[in-house]
Amino acid sequence: MSIIAILAIPLLAAILSFLPWRRFPSAVTFFACLAVLVLTIRVAIQASCGVPVVVAPKWIAVDGLSALILLLIAFVGTTAALYSLGYMAKTCHEPKKLRLYYANYNLFIFSMLAIPVLVEPTLVWIAVGLTTVCSAMLVSFENTRGALEAAWKYVVLSLMGAAIALLGFLMLFAALQAAGGGTDTWEGLIAAAPRMHAILLKTAFVLILVGLGTKVGLVPMHTWLPDAHSQAPSPVCALLSGIETTAVLYVILRLFPIMKAVPDFHAGTWAIAFGLISTGTAVLLLLRVRDYKRMFAFSTVEHMGIILFAAGLGSATAHYGAFYQAFSHTLTKSFCFFTAGALIISTGTREIASIKGLIRNSPVAGVCLLLSGLAISGAPPFAVFLGEFTIFKAGLAEGRYLEIILLAVFVAIGFFAIMWHINRMVFTTDKGDPPQKIRLPASCLVVLVISSLLVLAFGLYVPAFLQDLLRLSAAAIGR
Amino acid sequence: MNIDIANIQILDALNSLAAGLFLLCAFAMIATRQVKGCLRLFIGQSLFLAASALLLGLQHGSWHLYGVALVNVLSKAVLIPFILHVTMPREVYTRREINQVLNIPISLLIALVLTILAYYFTIPVQQAIDPQYRGHNLPIGFAGLLLGVYTLTVRREAVPLLLGLLAIENGAFFAGIAIAHDLPVLVELAIATDGLIVVFIVGVLIRGVQKQIGTTDVGALATLKEEVVE
């Protein structure tokens, strides 16, 4: 029952967002997301015992892996809604546009929540397509030349990927039929996989990896990502970069256990190759960014690569690391973009070169930028460090020395690139007069404090129920 | 259903004809400069897709495929042109594309190569399919998909790009109906609805681009990158 409510609440909130009272849309969006978060925590606790929560066996069910993704979507949805409360009121003064923003926001949350909840692959494909169209208006929200260009590239490339993936999903369905039928769900596919034609499965996997990989931002299909993830308003960036990419990557990971049935095909090898290429390209591009939002966007490409890499390794520890990395990336990246929003409010620019002496001019933004930079580039004791460490350890235990060394080099380059840029922004002394102090909206401050504390806390301690979820998720792609 | 061998052969031949015309539309979409012509060809392509679904449905007595045909005609030949008509500014239709990235004869040659590649790639997959469903749908659908992707890389005008996007989906479907012939109608409807939302949103976006930047030549949008813009 709560699962139906999780899907229904954002839809209801989207309709209510059109009501004409001034502060109403933002409040209703926040409370809707909060309600969804509470319900997801309930569902996640239920699912963490190892028994899937089933609503309609052929269509809607939540197992450990789905619950983890669901939890992440609801969490970022809530913090970004709270952040929007202050940020959007400060940056946009047209009530009509704001109503549209919140309506789109709720629809976007709905479409993302539908991805892990649905178990029928073709319907999941539709949910992925919907995330693109629901967020297109959010990306183009600022209506500048850059924002429109970003939205256009985002929509065209993501939808092209989706159309390619559609053929893959139809082939999965065909393979299931040819194998004598069965329920068309993730579980049903795994059960029927040994009876399916290997060639159909292989083709389907490659088509889906390339198609949905476009939306995840895997290199070389990543070209739209830094544009869209830098031009959207900051709370939307937190959603796009923090969770949308992970939610789509989840769909690709769902195919791994199905591919286990094909003896001469290693989905893991594809994942490791794509992961390394993405990580490597992203960190090299990180060196030359000039816009700090693009910097965080490229870091998303890097992390998607790392997660895919870890999922491609064989052991349960590596898979655990992959999901821990996905989890900590979502928390940290949303924190990064919330910081970017604070920077935009207090400096009015997105250019790295024109920001100097942040620690003196706006200490809050400076400290947050330093923390988020350290956290996302994987410095101890933040959560991302723990994730990367687990992955390295698991890879070495499997004897994949070359791949791990490459990955470690890339991660190190990424660390230096990000910290180099951030160091310049935070510590370089500013010769001019200190600019006028601008107060950050209270809701933004609250979100920044919550996110930074969580990013630190999960690096030191992982609660038992979360560990269960991560273990279940690892088991779901590793059997 | 009790259809004798001769009838099945006729249906098979007709289906091959539909497949051929489907591919012809895909080629013509690459060769057409006028935006309006592109739209007409897309509608034509969708109708041949529906015809193929209908013929396959008759051949195998599958109600699902009739559903596919009906949903396709309704959404792609009626609703999508209507939505485009409502959301697009008028002058978009009269535009001609002068500057494509490659000229049209070269584009057509590349399209030919892509079609041959599509046949080549689908040989192993064809062998895995039940012989009674084999036919030309899979390679031609895959060719349609590749040609659509190719269109996206060379076109610069917004509406033909959108139509190229929809043509990729048409290609995926054309291949899909031959193999996944029992897709639930609910899923079918959901996919069609998704297509309509896509067209609506992209239409609104194109309108925004035209209002803000003054052109629908989206190929000219290239300011976001790492290099210093002079």
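Letters A, B, ... are given to chains in the order of the sequence lines, protein chains preceding strands, and every chain is numbered from 1.
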Under 4.5 Å heavy-atom distance to chain A, tell me which part of [X] shows up: side chain, backbone, both or neither.
{"X": "L161(B)", "result": "side chain"}
{"X": "L145(B)", "result": "side chain"}
{"X": "I177(B)", "result": "neither"}
{"X": "A178(B)", "result": "neither"}

Measure [X] against the heavy atoms of chain B and call it side chain, backbone, both or neither at under 4.5 Å.
{"X": "W224(A)", "value": "neither"}
{"X": "L207(A)", "value": "side chain"}
{"X": "A178(A)", "value": "neither"}
{"X": "M137(A)", "value": "side chain"}
{"X": "A150(A)", "value": "both"}

Legend entry - Worked verdict on L166(A) versus I191(B) for side-chain contact (heavy atoms from CB on, under 4.5 Å): CA-CA 10 Å; L166(A) 174 63; I191(B) 294 178; 4.1 Å; yes
Working to the nearest 0.5 Å, report the span between [atom1] of [X] and [atom2] of [Y].
{"X": "I197(B)", "Y": "T132(A)", "atom1": "CD1", "atom2": "OG1", "value": "11.5 Å"}
{"X": "T193(B)", "Y": "L130(A)", "atom1": "OG1", "atom2": "CG", "value": "9.0 Å"}
{"X": "L165(B)", "Y": "L157(A)", "atom1": "CG", "atom2": "CG", "value": "9.0 Å"}

